Student: 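Please read through the structure below; I'll follow up with questions.
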Amino acid sequence: AEAAHGVPRRATEEARAAFKRALKLTRATQFGSLEGFVRRGLGYMAKAEGRYDEALAAYDQALCLEVVERDSVLLNKAIATQRAGNAAQALEVLGRVKDPKLAALCGLHAASMLRALGRDEEADRVARQIKEIRQHLQRSADEAADRPKQMPNREVQQRLAGMKQR
């Protein structure tokens with residue numbers, strides 16, 4: 001018997017049990033960031049298994065604590081909200097993500113949510129913007145790879161030479 005993503009059900013059950021034990025231990029430490037991390041993990045597992053109400057509850061609990069990767073939790077909450085059938089609310093949650101490193105991923109999910117709401121023109125516009133951003137990032141990466149590596153400034157070179165002589 002397999003659970004989500006081809007992982008054996010027994011392994012998934014063991015992982016869930018380990019997260020629940022970890023949750024009890026983190027509550028005892030009173031470090032909210034640790035508890036937030038564990039609750040986020042429980043949310044990821046529940047979402048992967050299609051248990052969206054449970055995932056949403058775990059994400060909400062994580063967001064009430066000191067969670068290190070708050071925007072990642074919000075993104076996953078938005079995805080679970082959409083999969084639970086509420087694209088409008090998912091789009092609102094997605095709008096709370098502030099991390100620019102997640103912008104392209106958020107844009108892709110926003111386009112999907114807009115389509116689910118029948119807002120195809122907006123979805124197409126967002127998808128085009130994401131495509132342009134990805135192309136720009138790829139060009140920038142290609143240009144950076146083509147540039148010769150810059151030598152460190154003279155002061156750094158002197159310090160390195162001094163260290164080698166020792």
Side-chain angles (χ1 to χ4, degrees), residues 1-23 26 31-146:
E2 289 189 358
H5 304 289
V7 176
R9 185 167 308 283
R10 182 167 183 237
T12 303
E13 290 169 0
E14 288 175 9
R16 189 178 307 105
F19 269 116
K20 290 187 178 188
R21 282 192 306 276
L23 187 58
T26 59
F31 288 117
S33 59
L34 289 174
E35 184 177 344
F37 179 79
V38 173
R39 289 193 181 278
R40 182 183 69 181
L42 285 166
Y44 289 163
M45 286 190 66
K47 183 183 74 165
E49 295 173 341
R51 297 185 336 258
Y52 303 119
D53 289 341
E54 188 177 325
L56 293 171
Y59 293 141
D60 284 339
Q61 291 165 342
L63 290 168
C64 289
L65 300 163
E66 302 169 35
V67 63
V68 176
E69 295 175 357
R70 181 174 198 78
D71 285 337
S72 175
V73 174
L74 285 168
L75 172 60
N76 280 281
K77 179 181 177 182
I79 294 166
T81 301
Q82 180 186 16
R83 290 181 183 168
N86 193 339
Q89 185 179 358
L91 203 53
E92 182 275 322
V93 172
L94 195 62
R96 294 170 33 206
V97 175
K98 303 296 181 218
D99 187 344
K101 293 180 281 192
L102 296 175
L105 190 55
C106 286
L108 291 173
H109 286 288
S112 172
M113 292 167 191
L114 289 165
R115 282 196 204 297
L117 293 169
R119 295 162 55 183
D120 292 338
E121 287 183 24
E122 287 177 82
D124 290 342
R125 182 176 43 79
V126 169
R128 279 192 305 274
Q129 290 172 337
I130 295 305
K131 184 178 179 181
E132 290 170 10
I133 290 169
R134 292 176 81 179
Q135 288 171 342
H136 172 75
L137 290 173
Q138 185 61 53
R139 281 192 304 273
S140 296
D142 292 345
E143 290 170 7
D146 290 342

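Numbers here are sequence positions counted from 1. Worth saying up front: this structure is predicted, and the values here are computed from it rather than measured.
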Student: Output the distance between atom CG (Leu65) and atom CZ (Arg39), rounded to the nearest 0.5 Å.
Tutor: 6.5 Å
Student: Please report the interatomic distance CD(Gln135) to CD1(Ile130), rounded to the nearest 0.5 Å.
Tutor: 11.5 Å
Student: May I ask you to check whether Tyr59 and Ser72 show a side-chain donor-acceptor distance below 3.5 Å?
Tutor: no
Student: How far does NZ of Lys98 sit from CG of Asp71, to the nearest 0.5 angstrom?
Tutor: 8.0 Å
Student: Under the salt bridge (Lys or Arg N to Asp or Glu O under 4.0 Å) definition, can you give me all pairs with a residue in residues 130-144, not counting sequence neighbours?
Tutor: none
Student: Can you see which heavy atom on Ala55 is nearest to which on Gly43, and at what distance?
Tutor: CB-O, 3.5 Å
Student: Ignoring hydrogens, what is the shortest heavy-atom contact between Arg96 and Leu63? Give both atom names and the distance.
Tutor: NH2-CD1, 4.4 Å
Student: Drop me the distance from Leu102's CG to Glu69's CD, to the nearest 0.5 angstrom.
Tutor: 9.0 Å
Student: Could you tabulate the donor-acceptor pairs under 3.5 Å formed by side-chain atoms of residues 105-127, not counting sequence neighbours?
Tutor:
residue: Ser112; atom: OG; partner: Gln82; partner atom: NE2; Å: 3.1
residue: Arg115; atom: NH1; partner: Asp124; partner atom: OD1; Å: 2.9
residue: Arg115; atom: NH2; partner: Asp124; partner atom: OD1; Å: 2.7
residue: Arg119; atom: NE; partner: Glu122; partner atom: OE2; Å: 2.7
residue: Arg119; atom: NH2; partner: Glu122; partner atom: OE1; Å: 3.0
residue: Arg119; atom: NH2; partner: Glu122; partner atom: OE2; Å: 3.4

Student: With rounding to the nearest 0.5 angstrom, report the CG to CD1 distance, Leu56 to Ile79.
Tutor: 11.5 Å
Student: Just how far is it from atom CD of Glu35 to atom SG of Cys64, taken to the nearest 0.5 Å?
Tutor: 10.0 Å
Student: Checking Phe19 now: which residues fulfil side chain to side chain contact (heavy atoms under 4.5 Å, CB included) with it, not counting sequence neighbours?
Tutor: Val38, Leu42, Met45
Student: What is the minimum heavy-atom distance between Lys47 and Tyr52, and which atoms define it?
Tutor: O-CE2, 3.6 Å
